[in-house]
Number of protein chains: 2
Amino acid sequence: MERNTALTVFDSLSSGVRLDVFRLLVKTGADGMVAGEIAQALEIPANNLSFHLKALTQVGMLGVTQEGRFLRYRANIPQMLDLIGYLTEECCANDPGQCATMRAASTCDPAVLPALATTHTQTSGAF
Amino acid sequence: MERNTALTVFDSLSSGVRLDVFRLLVKTGADGMVAGEIAQALEIPANNLSFHLKALTQVGMLGVTQEGRFLRYRANIPQMLDLIGYLTEECCANDPGQCATMRAASTCDPAVLPALATTHTQTSGAF
DNA sequence: TCAATAATACAACGATAGTTGAAATATACA
DNA sequence: TGTATATTTCAACTATCGTTGTATTATTGA
């Protein structure tokens with residue numbers, strides 16, 4: 001992923017409305033949701049939601065398909081993964097052993113995620 | 001991770017300076033870097049860098065330790081993992097099979113990352 | 001103690017983002 | 001064709017962010 005893409009994506013996720021929308025669509029996966037359904041689920045005025053859907057779509061985090069007079073939005077999971085890859089790039093260049101527990105992150109398995117916070121300890125003790 | 005924490009973290013990563021700083025410190029891992037080294041590496045005026053270091057520290061993405069008159073900054077890797085977990089939460093609630101290739105994301109192994117973009121295809125064909 | 005260095009704090013300016021209300025486009029159905 | 005619905009577009013206002021220049025704090029070493 002290019003630096004500027006990552007910047008626009010992070011910016012797109014720094015709004016409460018857009019973060020809620022994206023996470024909702026991550027959960028629905030390939031099914032996606034129609035704009036009206038999203039507005040109803042998150043209780044956001046249609047025009048305001050439209051503003052944020054456009055922003056998310058322009059940065060590539062959402063895809064759209066028309067269904068009659070409805071617009072169906074879907075999360076762009078591959079781009080989300082690219083973003084994660086960009087952020088974690090060379091994260092353990094100096095000490096590969098430090099990264100052992102990071103391998104399991106960004107998983108869909110809820111059983112794996114809770115363990116991360118406790119198993120991954122920094123050697124510096126700064127936190 | 002709480003919603004508001006995720007928001008402030010995403011906001012902190014939506015600035016070019018801060019994204020560069022954080023990625024640099026991710027690479028140095030537990031060693032971290034002194035403020036002056038970061039300023040030199042990224043060619044950023046000291047006062048401006050200080051502004052962004054403070055922002056990153058306040059949202060918990062960086063940790064600081066004093067070494068004489070130097071301040072050493074380190075990336076908060078566990079929080080980065082929490083953020084990734086928050087973003088990808090329940091990402092495949094409806095179809096666990098879709099998530100198979102996502103398991104490998106957020107890894108430190110450079111051999112794994114390039115494969116993600118090609119192996120993970122959406123069933124919708126929207127992208 | 002005094003000078004030099006590392007880093008932060010403050011003030012001010014210009015630029016950009018988010019929300020709201022009103023209007024417009026486009027599709028569906030009678 | 002005409003009306004209702006889904007969604008977007010536009011204008012305007014407020015609020016917030018990032019950079020720069022200047023001043024300040026804190027630590028080191030003579």
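Keep in mind it's a predicted model, so treat the numbers as computed, not measured. Per chain, numbering begins at 1; letters A, B, ... match sequence-line order.
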Side-chain donor or acceptor of [X] paired with backbone N/O of [Y] under 3.5 Å:
X     : Y     : result
B:R23 : A:E90 : no
A:S12 : A:V9  : yes
B:N76 : B:G60 : yes

Of B:N48 and A:S15, the one whose closest nucleotide on DNA chain C sits nearer the 5' end is B:N48
Heavy atom of residues 2-13 of chain B under 4.0 Å from DNA chain D: which residues?
none
Could you state the interatomic distance from CG (B:L83) to OG1 (B:T8), rounded to the nearest 0.5 Å?
9.0 Å
Tracing side-chain contacts under 4.5 Å among Ile, Leu, Val, Met, Phe, Trp and Tyr outward from B:F51 reaches none
Using links of under 4.5 Å between side-chain heavy atoms of ILVMFWY residues, direct or through other members, which residues join B:F70 in one cluster?
B:V34
Distance, rounded to the nearest Å, where [X] contributes [atom1] and [N] contributes [atom2]:
X     : N      : atom1 : atom2 : answer
A:R72 : D:dT7  : CZ    : P     : 10 Å
B:K54 : C:dA7  : NZ    : C1'   : 13 Å
A:L62 : D:dT8  : CG    : P     : 11 Å
A:F51 : C:dT16 : CZ    : P     : 14 Å

side-chain hydrogen bond (donor to acceptor under 3.5 Å, both in side chains) partners of [X], counting only residues at least two apart:
X     : result
A:N48 : A:H52
A:E67 : A:R72
A:D20 : B:R3
B:R69 : none

With respect to the phosphate group of [N], does any side-chain polar atom (N or O) of [X] fall under 4.0 Å of OP1 or OP2?
X     : N      : answer
A:R18 : C:dG18 : yes
A:Y73 : D:dA6  : no
A:H52 : C:dT19 : yes

Within residues 36-47 of chain B, which residues have any heavy atom lying less than 4.0 Å from an atom of DNA chain C?
B:G36, B:A46, B:N47
Partners meeting side chain to side chain contact (heavy atoms under 4.5 Å, CB included) with B:A46 (sequence neighbours left out):
none
Can you name the residues that form a side chain to side chain contact (heavy atoms under 4.5 Å, CB included) with B:A35, not counting sequence neighbours?
B:L53, B:Y73
For atom CD of B:Q66, decide whether the heavy atoms of other residues, nucleotides or ligands shown that lie under 6.0 angstrom number more than 12.
yes
Sugar-phosphate or base contact per nucleotide [nucleotides 24-30 of chain C; S, B, -; heavy atom under 4.0 Å]
---BS--
Computed from five pairs at either end and rounded to 10 degrees, the angle between the axes of the helix from C:dT1-D:dA30 to C:dA30-D:dT1 is 30°
